[in-house]
Amino acid sequence: MRILSVFGTRPEAIKMAPIVRALRAAPGVESRVCVTGQHRQMLDETLAIFDLRPDDDLDIMTGGQTLADISARVLTGLDPIMRSYRPDFVLVQGDTATSTAAALSAFFNRSRVGHVEAGLRTGDMASPWPEEANRRVTAVVTDRHYAPTEKARRALLAEGYPGSSILVTGNSVIDALLLVAEDVTAPGPQRRALEERFSWLTPGKRLVLVTGHRRESFGDGFIRICQALRALSAREDVQIVYPVHLNPNVRQPVFDILSGIENIHLIEPQDYRSFVYLMTRASLILTDSGGVQEEAPALGKPVLVMRDTSERMEAIEAGVARLVSTDPDAIVAHVHDLLDDRRRYAAMAQGANPFGDGAAAERIVEDLMICCGHPAALRPAIRRERLMAAVAV
Ligand code: UD1
Ligand code: UDP
């Protein structure tokens with residue numbers, strides 16, 4: 001039984017890491033990992049944190065790459081690997097250009113496709129762009145849809161995918177979070193190293209953690225987000241920490257508008273463990289990221305989603321996230337509201353876990369084995385891997 005996992009960006013690597021670890025431990029499974037290198041530094045840092053060593057690296061990233069560049073290079077780079085390896089299943093994750101091109105490559109080579117994080121939808125092809133289309137294209141060529149939530153399963157059913165092809169697994173981002181959580185929270189050398197690394201944070205100030213990178217916000221959207229952050233920096237009781245994504249379309253407005261402002265710390269993208277540490281220290285998180293919308297509720301951190309739509313309505317419906325758009329007045333008003341109203345803050349910081357229970361990887365690997373006719377001895381082996389992973393952190 002040969003499983004080829006293909007991924008290329010930071011969030012894909014974070015969410016695939018627990019699955020690759022579970023595949024490695026499963027009996028009778030040959031697991032091969034191909035990274036496309038759609039991201040470079042941000043991918044490599046993640047591979048290192050999770051001790052993942054890819055078998056193939058297409059190394060496709062170029063500065064300011066276009067969607068056509070990525071798609072073309074992934075298709076031509078993967079084709080010979082698909083032809084020679086002939087995987088029983090190709091696993092792809094999410095909605096990036098890498099995942100859709102890899103799913104198409106598998107389809108062209110008549111391999112079955114397993115789609116991790118299937119069924120997320122906003123219903124708006126322009127937001128997020130191009131991810132909403134990517135997810136839908138991937139779904140068309142997918143054999144096993146691994147839906148993180150019941151809502152995602154229902155979205156797939158509504159599009160006509162048979163119930164028998166969908167499995168609700170939880171989101172593997174929660175598995176990943178659990179893999180690093182102990183390093184970050186338990187007293188010990190890892191925790192001390194993180195405290196040392198971020199010793200420049202001012203203990204008396206409330207930390208507002210920011211991330212942003214969506215293509216549909218390039219230009220005006222980012223300028224508006226930066227205007228909101230500049231206005232918020234006037235509050236003396238807050239410190240804004242913003243690890244700035246490496247996309248030049250993000251870096252230019254962010255550094256142009258926010259450099260040199262007191263209370264705003266523009267820092268480089270953080271490795272996953274450091275970023276999770278920052279989330280645990282935050283009072284509030286402002287983001288347009290998919291993954292952060294899923295992680296923050298699990299950590300009991302209120303999230304303001306700086307987008308017009310979200311495919312992760314579970315958190316918003318649970319009352320632990322708010323959709324605030326990129327309008328500066330709206331962003332500023334919501335931040336003031338939460339920081340100044342203890343009751344409303346407490347209601348949002350209650351902690352909720354609508355996205356998973358940390359066992360998504362186990363469910364996905366089990367399902368793949370059953371689909372490939374290898375049900376025997378599965379559960380004990382995978383349970384062992386989980387235990388080993390828990391002991392390792
Ligand atoms: C991509 C995904 C997006 C995902 C995001 C996660 C697509 C179309 N977009 O967007 O869905 O949410 O990743 O972060 O697949 N760069 C570096 N080093 C890196 C990474 C990026 O220098 O390690 C720079 C390069 O100039 C690169 C540019 O960022 O050309 C854009 O990278 P790209 O992967 O095309 O887009 P993202 O905005 O990162
Ligand atoms: N993340 C990280 N370092 C950072 C910022 C984010 O490791 O400096 C993690 C974050 O915890 C989440 C993932 O990266 O798991 C989100 O990635 P991103 O926002 O790039 O993409 P998206 O989730 O929107 O596709």
Side-chain angles (χ1 to χ4, degrees), residues 7-18 35-50 59-71 73-74 92-102 117 120 127-135 137-138 171-177 179-181 184 209-218 222 241-252 266-280 282 285-296 298-299 301 303 305-307 310-312 355:
F7 49 91
T9 65
R10 170 176 67 192
E12 292 166 83
I14 291 168
K15 291 171 173 179
M16 285 301 291
V35 295
T36 64
Q38 176 178 336
H39 284 174
R40 194 67 278 168
Q41 303 94 303
M42 286 160 57
L43 174 72
D44 292 344
E45 275 184 352
T46 309
L47 297 175
I49 290 283
F50 290 104
D59 197 21
I60 65 163
M61 195 193 89
T62 54
Q65 61 203 359
T66 65
L67 299 175
D69 292 333
I70 307 168
S71 309
R73 284 157 163 255
V74 171
V92 301
Q93 197 286 331
D95 50 21
T96 66
T98 281
S99 59
T100 302
E117 198 182 76
L120 273 60
S127 175
W129 181 86
E131 288 82 0
E132 179 76 359
N134 285 347
R135 301 164 183 154
V137 172
T138 298
N171 197 308
S172 58
V173 79
I174 304 298
D175 305 32
L177 192 59
L179 286 175
V180 301
V184 169
L209 182 63
V210 182
T211 76
H213 68 82
R214 300 245 77 92
R215 276 174 196 249
E216 67 273 12
S217 295
F218 290 172
F222 264 95
V241 176
Y242 185 169
V244 188
H245 194 284
L246 292 178
N247 193 322
N249 294 299
V250 176
R251 290 178 87 79
Q252 198 196 333
L266 302 179
I267 60 175
E268 291 304 306
Q270 298 295 301
D271 69 75
Y272 188 55
R273 195 182 283 116
S274 301
F275 188 74
V276 172
Y277 174 79
L278 283 174
M279 285 197 284
T280 64
I285 302 179
L286 270 55
T287 192
D288 65 15
S289 159
V292 178
Q293 283 180 68
E294 292 151 350
E295 293 158 341
L299 296 169
K301 303 296 175 178
V303 199
V305 182
M306 299 185 293
R307 294 172 49 178
S310 176
E311 58 294 280
R312 288 153 169 106
F355 297 107

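Both ligands and their constituent atoms are indexed starting at 1 by order of listing.
Minimum heavy-atom separation, Gly8 to Thr36: CA-OG1, 3.2 Å. Pro18 and Ser172 get closest at one heavy-atom pair: CG-O, 3.7 Å. The two residues Ile49 and Tyr272 come nearest to each other via the heavy atoms CG1-N, 4.2 Å.
Looking at Gln65 next to ligand 1, an N or O pair under 3.5 Å apart turns up. Inclusion of Gln41 in the set of residues having an N or O under 3.5 Å from an N or O of ligand 1 is warranted. Of the N or O atoms in Met61, none lie within a sub-3.5 Å distance of an N or O in ligand 1. Polar contact with ligand 1: absent for Asn134 (N/O pair, distance under 3.5 Å). Of the N or O atoms in Gln270, one or more lie within a sub-3.5 Å distance of an N or O in ligand 2. The N/O atoms of Val292, backbone and side chain alike, include none that comes under 3.5 Å of an N/O atom in ligand 2. Between Arg10 and ligand 2, at least one N/O pair is under 3.5 Å apart. Considering backbone and side-chain N/O atoms, Ser289 comes within less than 3.5 Å of an N/O atom of ligand 2. Checking only distances, Arg10 never comes within under 3.5 Å of ligand 1, N or O to N or O. At a 3.5 angstrom cut-off on N or O pairs, Arg215 counts as close to ligand 1. At a 3.5 angstrom cut-off on N or O pairs, Glu268 does not count as close to ligand 2.
A salt bridge links Arg135 to Glu132: one of the charged nitrogens lies within less than 4.0 Å of a carboxylate oxygen. In summary, Glu45 and Arg10 do not engage in a salt bridge, as defined by a charged side-chain N under 4.0 Å from a carboxylate O. Note on Arg214 versus Glu131: salt bridge recorded, some NZ/NE/NH1/NH2 to OD/OE distance being below 4.0 Å.
Side-chain contact, Ser289 with Thr211: no donor N or O sits under 3.5 Å from an acceptor N or O. When only modelled atom types and interatomic distance are considered, Thr9 and Thr96 share no side-chain donor-acceptor pair under 3.5 Å. Side-chain contact of Ser99 with Gln93: a donor-acceptor pair under 3.5 Å is absent, judged by distance alone.
Of all the atoms in ligand 1, the ones that sit under 4.0 Å from a non-hydrogen atom of Glu131 are 3 (C), 9 (N), 11 (O). Taking every non-hydrogen atom of Gly290 and a distance limit under 4.0 Å, the qualifying atoms of ligand 2 come out as 22 (P), 23 (O), 24 (O). Heavy-atom proximity to Gly63, at under 4.0 Å, picks out these atoms of ligand 1: 26 (O), 30 (O). Listed by atom number, the atoms of ligand 1 under 4.0 Å from Arg40 heavy atoms are 19 (C), 23 (O). Ligand 1 places these atoms under 4.0 Å from at least one heavy atom of Arg214: 11 (O), 12 (O). Atoms of ligand 1 lying under 4.0 Å from any heavy atom of Thr96, numbered from 1 in the order shown and given with element: 11 (O), 15 (O). Close contacts between ligand 2 and Pro269 involve ligand atoms 8 (O) [criterion: under 4.0 Å to a heavy atom].
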Practice problem: Please assess Arg40 against Asp44 for the test salt bridge (Lys or Arg N to Asp or Glu O under 4.0 Å), listing each intermediate value before the final yes or no. | Solution: CA-CA 6 Å; Arg40 194 67 278 168; Asp44 292 344; 2.8 Å; yes
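Residue Leu67 touches ligand 1 through its side chain alone, judged by heavy-atom distances below 4.0 Å. Contacts of Ile70 with ligand 1, taken as heavy-atom pairs under 4.0 Å, involve the side chain alone. Under 4.0 angstrom from ligand 1, the non-hydrogen atoms of Pro11 all belong to its side chain. Contacts of Tyr272 with ligand 2, taken as heavy-atom pairs under 4.0 Å, involve both backbone and side chain.
Considering His39, Glu131, Glu295, Arg307 only, the shortest heavy-atom separation from atom 15 (O) of ligand 2 involves Glu295. Among Ala97, Gly291, Gly290, the residue whose heavy atom lies closest to atom 15 (O) of ligand 1 is Ala97.
Looking only at heavy atoms of the protein, atom 30 (O) of ligand 1 is closest to Thr62 O, 2.7 Å. Shortest contact from atom 14 (O) of ligand 1 to any protein heavy atom: His245 NE2, 3.0 Å. Nearest to atom 38 (O) of ligand 1 among the protein's heavy atoms is Asn247 ND2, 2.9 Å. For atom 5 (C) of ligand 1, the nearest non-hydrogen atom of the protein is His213 CE1, 3.6 Å. The single protein non-hydrogen atom nearest to atom 20 (C) of ligand 1 is His39 CD2, 3.3 Å, given as residue, atom name and distance.
Looking at Arg307 and Pro128, their side chains come closer than 4.5 Å, going by heavy atoms from C-beta outward. Between Pro11 and Val173, every side-chain heavy-atom pair lies at or beyond the 4.5 Å cut-off.
Side-chain atoms of Lys301 come within 3.5 Å of backbone N or O of Ala282 as a donor-acceptor pair. Using modelled atom types, one side-chain atom of Glu216 and one backbone atom of Trp129 make a donor-acceptor pair closer than 3.5 Å. Judged by distance alone, with hydrogens and angles left aside, the side-chain atoms of Gln41 form no donor-acceptor pair with the main-chain N or O of His39 at under 3.5 Å.
Residue contacts with ligand 2 include Arg214, since one of its heavy atoms falls under 4.0 Å from the ligand.
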